[in-house]
Structure formats: C-alpha cells, structure tokens
Amino acid sequence: MSHVKVEIASQPDCWRQAATMADSAGLPRTGERVAVAGCGTSWFMAQAYAALREQEGHGETDAFQASEFPYGRAYDRVIAISRSGTTTEVVDLLAALDGRIPTTVITADPEAPVAAMAGEAIVLNFADELSVVQTRFATSTLAMLRAHLGHDIEALAADGAAAVRLPLPTHPALAEQITFLGRGWTVGLAEDAALKCREAAGWWAEAYPAMEYRHGPIALARERRVVWAFGEIPDGLPAEVEQTGATFVHSQHNGGYWGAGERAGFDPMADLVVAQRVAVLFATSQGLDPDHPRGVTRSVVLP
Ligand code: F1P
C-alpha cells in the first residue's frame, strides 16, 4: 500500500492529537493582526485558517505565499507553515522578519532550520509523512489552529473517520477534469483538493471561490467533467452546472456521500479527505505512484 493511503487514513487520529496542542505558545491572541504564510499545500492551509480566524471575530488575518509576503505591512505576528521546515521561501521569510515581528513556525521537523529561526516553533512530528504529497501534516496543522479557535475537533474527527471509508463520489472514467469550489475558509480547502489531483495524479484540476465560478470557469463544464463544491453552495449553481452535462458533487447533493437527509453537516475538512482519496485513485488508475509525483519534491530548496 502507498504511504499516502496510510497517511490519509490516519488523519482523524492525528487531528485529535493536534487538538491537544491548541494552547501552544506562539498561537495568536484574540485581536492580534496576523499574517500566515507558506508554499503550496501549506499556503492553502494558511488561507483556510486566515479566513476562519477573521470570519469568527478573532482578528484580522491575511494569508500569503511566502514568496510574495508584503514586508511593508504591520502585523502583530507572522505564522509560517512548513512541513519540511527547509523550503527556501519560508526560510527567507523568517530571515527577513528576524527581530522585526514576532514569528511562529508550524513544522513537522524539530531539527529543521526554521524551528531555530522562528520565535516559537510548534512541532507536529507525529503528523510527518513519507509521501511527498502532503495530507495529514497539512490537515493536522489546520485542526490544531481550528482547536485554538474553539472548534470541536472530536466532531471533525468523526466526519474524517467516515470520509476515509465512504464510497468515492467520482471515478477517473467519469471525470476527465475536476473543478473544486469553496466559500470563505473552504476556498483554501478547494485549492488544496485541486493541488492533490495535480500533484499525485497529474490530473487536470482547478479551484475557485464558488461565486467566481460563473465568471468564466463554467465554460469548462461539460459531460464527463466534475464540479465539486465544499461547504456552502451558491443558490442555483448545481442546476446550472448540471445543464452543461457536467456532474455536480457535494456531500449533500442528490444523495451526496451521505445519502439524502442522512446528515445535516459534513465538515469540509472531511470533504478534503474524500478528495485526497480521489487523487490517489486517479494516480493508481494510470499506473502512477502517488507517493512520488512527477517533478515534485518533498521540499523546494533553491540554490
Ligand atoms: C511545501 C510544498 C508542498 C507540496 C510539496 C512540496 O512544503 O511545496 O506544498 O505539496 O510537498 O512542498 P513545506 O514548506 O510545507 O515543507
């Protein structure tokens, strides 16, 4: 079995463990102005957390790719997310901020350079991964950050445990292209789901804020393509997608993954788990090794 399959299945337990770290030093206080940065998957987790923190009234929160950080802005704290702790752009960001702004890094490796560079290091080594493709480190980071915002991680873990077993809502033969949609904090999750498909399987996948979908991307929708929404669905969108011949997927739509009326809310992080499994299926269906995506390395370390 691939490493990524084992890592995907272990997420609910990792989330419970991550939640026990919700009081870690270096997590922001209510009202602080915060920027969260990372690259790739870590950037998408930063986006999800930033939207949630601000939306729930904990303080202004921005998310940036580490390479595009706006150094002129005033923040009370910068949080960098990096599984490897060696990604060049993240190392450069912490070096540039040294002494100017309090910094926190969330990483899987206590020995990584960033752990020594940041003011505070939060180490989720139990969630580290053998697969290049990130799943449980990223979602455990978000689970810890959500626990710090007061979310119920036990309920999330129950949905996650279902998500690792549910029948998959699509199949490679029925989905030559997938577009993931989200609103608010689920935009970052949708972005990550699309990245999983691209990384693990070289599959054509895109992601948009759901209300942006009608502004052009809907032109891609047709038979044997899928539009998969996480979280809140804009009024009328499922019918508009289905008119094109594309399949609309949502945990509660047309029976969804849960069966109509079976359950009112499925945590969008559990949707991401289902999408991770789809990405692995798309890889193996082409004879690819999902642990070793073409051209992608565990960490991007530039000369
Ligand atoms: C970030 C990253 C991942 C990507 C791949 C390569 O690394 O770009 O987002 O999926 O695994 O590394 P890190 O800074 O979180 O270690």
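Note that ligands are numbered from 1 as they come in the structure, with each ligand's atoms numbered from 1 the same way.
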Among protein heavy atoms, which sits nearest to atom 12 (O) of ligand 1, and what does the distance come to when rounded to 0.1 Å?
-> Arg298 O, 3.2 Å

Nearest-contact summary for atom 14 (O) of ligand 1 - protein heavy atom, Å | Thr87 OG1, 2.5 Å

Here the atoms of ligand 1 under 4.0 Å from any heavy atom belonging to Arg83 are 11 (O), 13 (P), 15 (O), 16 (O)

Show your reasoning for whether side-chain hydrogen bond (donor to acceptor under 3.5 Å, both in side chains) applies to Thr104 and Glu120.
-> CA-CA 5 Å; Thr104 302; Glu120 302 282 354; over 6 Å; no

Atom indices of ligand 1, in the order listed, that fall short of 4.0 Å to a heavy atom of Thr297 = 5 (C), 6 (C), 11 (O)

Enumerated ligand 1 atoms positioned under 4.0 Å from heavy atoms of Gly40 | 9 (O)

Distance-only donor-acceptor check, side chains Ser42 and Ser82, under 3.5 Å | no

Closest to atom 3 (C) of ligand 1 among protein heavy atoms sits Gln134 NE2, 3.7 Å

For atom 8 (O) of ligand 1, find the nearest protein heavy atom and state the residue, atom name and distance (0.1 Å precision).
-> Cys39 O, 4.0 Å

Do other residues, nucleotides or ligands put more than 12 heavy atoms under 6.0 Å from Arg214 CZ?
-> yes

For atom CZ of Arg29, decide whether the heavy atoms of other residues, nucleotides or ligands shown that lie under 6.0 angstrom number more than 12.
-> no

When distances are taken from atom 5 (C) of ligand 1, the protein heavy atom at minimum range is Glu199 OE2, 3.5 Å

Of all the heavy atoms in Gly38, does at least one lie under 4.0 Å from an atom in ligand 1?
-> no

Can a donor-acceptor pair be found between the side chains of Ser84 and Arg298 at a distance below 3.5 Å?
-> no

Candidate list Phe180, Tyr208, Phe266, test ring-ring contact (aromatic ring centres under 6.0 Å, His included), partner Phe230, passing option = Phe180

Which bit of Thr41 gets closer than 4.0 Å to ligand 1, counting heavy atoms only: side chain, backbone, both or neither?
-> both

Drop me the distance from Ser131's OG to Ile8's CD1, to the nearest 0.5 angstrom.
-> 8.0 Å

Would you mind checking which non-hydrogen protein atom is closest to atom 11 (O) of ligand 1, with the distance to 0.1 Å?
-> Val132 O, 3.0 Å

